[in-house]
There are 2 protein chains.
Amino acid sequence: MLFPNFTMQEQLTRYIKGIITVKDEELDKILSFFKPMKVEKNELLVIHGQTSQRTFFVGNGCLRIFFITEDGQEVTRYLAFENNFATALCSFISKEPSLEFIQALEPTSLLYISHKDFYHLLEIIPSWENFYRHYLENAYVNNTNRLMSFLTLDATERYRQLLSTNPKIVQRLPNKIVATYLNISQETLSRLKSKI
Amino acid sequence: MLFPNFTMQEQLTRYIKGIITVKDEELDKILSFFKPMKVEKNELLVIHGQTSQRTFFVGNGCLRIFFITEDGQEVTRYLAFENNFATALCSFISKEPSLEFIQALEPTSLLYISHKDFYHLLEIIPSWENFYRHYLENAYVNNTNRLMSFLTLDATERYRQLLSTNPKIVQRLPNKIVATYLNISQETLSRLKSKI
DNA sequence: CTCGGGCTTTGATCTGTATCAAAAAATATA
DNA sequence: TATATTTTTTGATACAGATCAAAGCCCGAG
C-alpha cells in the first residue's frame with residue numbers, strides 16, 4: 001500500500017469536521033500531530049500507574065478502557081470502535097498516573113496524539129478548544145448515562161439497553177468482555193442471554 | 001442589610017479566580033449576568049421535563065440534583081453546598097428537557113445565570129471558555145469517580161468513602177437523602193451506620 | 001407542654017446476582 | 001485430524017441488600 005494512512009487521516013478529518021469548522025491549514029496543522037500506529041490483539045497501550053500521555057483515535061479495530069478492582073476483577077469503563085476517540089481521560093485531565101488500562105481487543109490501527117501536543121493545539125488553534133469542549137461534553141453525557149443505567153436498571157435491563165443502543169458491542173466482543181462492561185458475571189450474562 | 005448580595009458576589013469572584021485569570025472588567029461583566037435569588041427548603045428549581053435554563057451557584061444552603069426511576073425511587077446524582085455550582089448539566093449541554101430535578105434541601109441563597117447568558121459569555125470572554133472547560137473537566141472526573149465507586153464498592157465501603165471524602169453530606173443531611181445519594185435503602189444505611 | 005407526622009431503627013423475609021464447580025462447546029495449536 | 005485451551009453453559013449454593021411491617025424516636029406546630 002502506497003498511502004497506508006490515507007484513509008485513517010480522512011476518517012479523523014471527517015470526525016473533526018463533524019464537530020467544528022476549521023480552515024484547511026488549521027486542519028493540516030492538527031493532523032500533523034497525529035501519528036499512525038498498529039497494535040496487536042490484547043496489546044496494552046496504557047499501563048496502570050503510567051501518566052497517560054496519549055489520546056487515541058481508532059481507525060480500525062477496537063480499544064477498551066478498563067481498571068482492576070482490589071479483589072482482581074476487571075471492569076470495562078469504555079469501548080471504542082472505529083471513528084472514535086479513546087483516552088484515559090481522568091488521568092489526561094489531572095495529569096496523575098492512570099488508574100486505568102487501555103487495551104486493543106482486536107488488531108487495531110489508530111492515530112495517536114501526545115498529551116503535550118494536544119495542549120499545544122489548544123493554544124495555537126482556537127477552534128481546537130471548541131473541539132475539546134465538545135469532546136468533554138460528550139464524554140460527560142455518556143458517563144452520566146452509564147451512571148444512571150447502573151443506578152436504575154437491573155442486569156437484564158442493562159443488557160437489553162446495550163443491545164438496543166450499542167449492538168456492536170454484543171456482536172463483536174466475547175461474552176467475557178461484555179460482562180465486564182455490564183458489570184455482571186459471565187454466568188449471569190450467559191443465563192440472561194438464553195432467556196431473551 | 002444594605003448589600004445583601006455583597007458576600008455572595010465575593011464568593012463567586014473567589015471561586016472564578018481560583019480557576020482562571022480574568023481582568024477586572026471581564027469579571028464585572030461576568031458577575032453582571034449572575035442574579036441573586038433565595039429559595040425555601042424543599043423548593044424545586046428545575047422541574048423534570050423542563051429545559052434547564054439556568055446554572056446555580058450556591059452562596060449559602062444546599063441544592064440537590066436528583067431523578068426519579070420508573071418505579072418511583074429518587075436517586076440523588078449530585079449535592080452542592082456553599083461555593084459550588086449546580087447544573088442539570090446533561091440538559092444544559094444537550095438543550096433537551098431535563099430528566100432531573102434540582103431542589104433546595106435547606107433555605108438557600110444563590111446566584112443564577114441563564115443558559116443564554118452563559119453561552120453569551122463564552123463568546124465575548126475568551127477566558128470564560130477556559131472556565132467552562134475546567135468546569136466540565138471537574139464534572140467529568142467527579143462523575144467517573146462516582147461511577148467507579150458504584151462498580152467496585154459495596155454499601156459499607158461507599159458509606160465509609162463518603163464519610164472520609166465528604167463528611168458534610170452525612171452531617172448535614174437526613175439519612176433519607178444520604179441513602180438516595182449512596183443508592184441504598186434507608187434501612188440498610190441505618191443498619192450499617194450502627195455497625196461502624 | 002403535648003400532640004401528630006415524619007424520620008429512624010429493628011426484625012423477618014425474599015430476591016437478584018455472585019460464586020464455585022463441572023460439563024459442553026468453540027477455538028486455537030500441533 | 002487430534003489435542004489442548006479457552007469460552008460458554010448449566011447447576012447448586014450463598015449472601016448482600018431490598019422490601020415489608022411495626023415499633024420507637026424526635027421535633028415542630030399549636
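Throughout, a chain's letter reflects where its sequence line sits, starting with A, and its residues are numbered from 1. Small disclaimer: the values here were computed from a predicted structure and weren't measured.
Scored by the salt bridge (charged side-chain N to carboxylate O under 4.0 Å, His left out) test, A:Glu129 finds B:Arg133 as partners (sequence neighbours excluded). Residues passing the side-chain hydrogen bond (donor to acceptor under 3.5 Å, both in side chains) test with A:Asn175, sequence neighbours excluded: A:Lys193.
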Short N/O separations, protein against nucleotides 20-30 of chain C, under 3.5 angstrom:
from	atom 1	to	atom 2	distance (Å)
C:dC20	N4	A:Glu187	OE2	3.1

Would you tabulate the nitrogen or oxygen pairs shorter than 3.5 Å linking the protein to nucleotides 26-30 of chain D?
none

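Of the residues in residues 69-76 of chain B, none lies under 4.0 Å from DNA chain C by heavy-atom distance. Of the residues in residues 176-186 of chain B, those lying under 4.0 Å from DNA chain D by heavy-atom distance are B:Asn183, B:Ile184, B:Ser185. In the region residues 143-165 of chain A, proximity to DNA chain C at under 4.0 angstrom, judged on heavy atoms, holds for A:Asp154, A:Ala155.
Between the CG atom of A:Leu173 and the P atom of D:dT8 there is a distance of 11 Å, given to the nearest Å.
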Without placing hydrogens or testing angles, list every side-chain donor-acceptor pair under 3.5 Å for residues 146-166 of chain B, not counting sequence neighbours.
from	atom 1	to	atom 2	distance (Å)
B:Arg146	NE	B:Arg77	O	3.3
B:Arg146	NH1	B:Tyr181	O	3.3
B:Arg146	NH2	B:Thr76	O	2.8
B:Arg146	NH2	B:Tyr181	O	3.0
B:Ser149	OG	B:Arg146	O	2.9
B:Thr152	OG1	B:Met148	O	2.8
B:Asp154	OD1	B:Thr156	N	3.2
B:Asp154	OD1	B:Glu157	N	3.0
B:Glu157	OE1	B:Asp154	N	2.9
B:Arg158	NE	B:Leu182	O	3.1
B:Arg158	NH1	B:Leu153	O	3.0
B:Arg158	NH2	B:Leu182	O	2.9
B:Ser164	OG	B:Gln161	O	3.2
B:Thr165	OG1	B:Gln161	O	3.0

Side chains of residues 102-110 of chain B: which donor-acceptor pairs under 3.5 Å do they make with residues two or more places apart or in other chains?
from	atom 1	to	atom 2	distance (Å)
B:Gln103	OE1	B:Arg64	NE	2.9
B:Gln103	OE1	B:Arg64	NH2	3.4
B:Glu106	OE1	B:Arg172	NH2	2.9
B:Glu106	OE2	B:Arg172	NE	3.1
B:Thr108	OG1	B:Cys62	N	3.1
B:Thr108	OG1	B:Cys62	O	3.4
B:Thr108	OG1	B:Glu106	O	2.7

Got a list of side-chain donor-acceptor pairs under 3.5 Å for residues 20-29 of chain A, not counting sequence neighbours?
from	atom 1	to	atom 2	distance (Å)
A:Glu26	OE1	A:Lys23	N	3.1

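Fit an axis to the five pairs at each end of the helix from C:dC1-D:dG30 to C:dA30-D:dT1 and the two axes sit 40° apart, to the nearest 10 degrees.
Screening residues 21-40 of chain B for ring-ring contact (aromatic ring centres under 6.0 Å, His included), with sequence neighbours left out, gives B:Phe33-B:His120.
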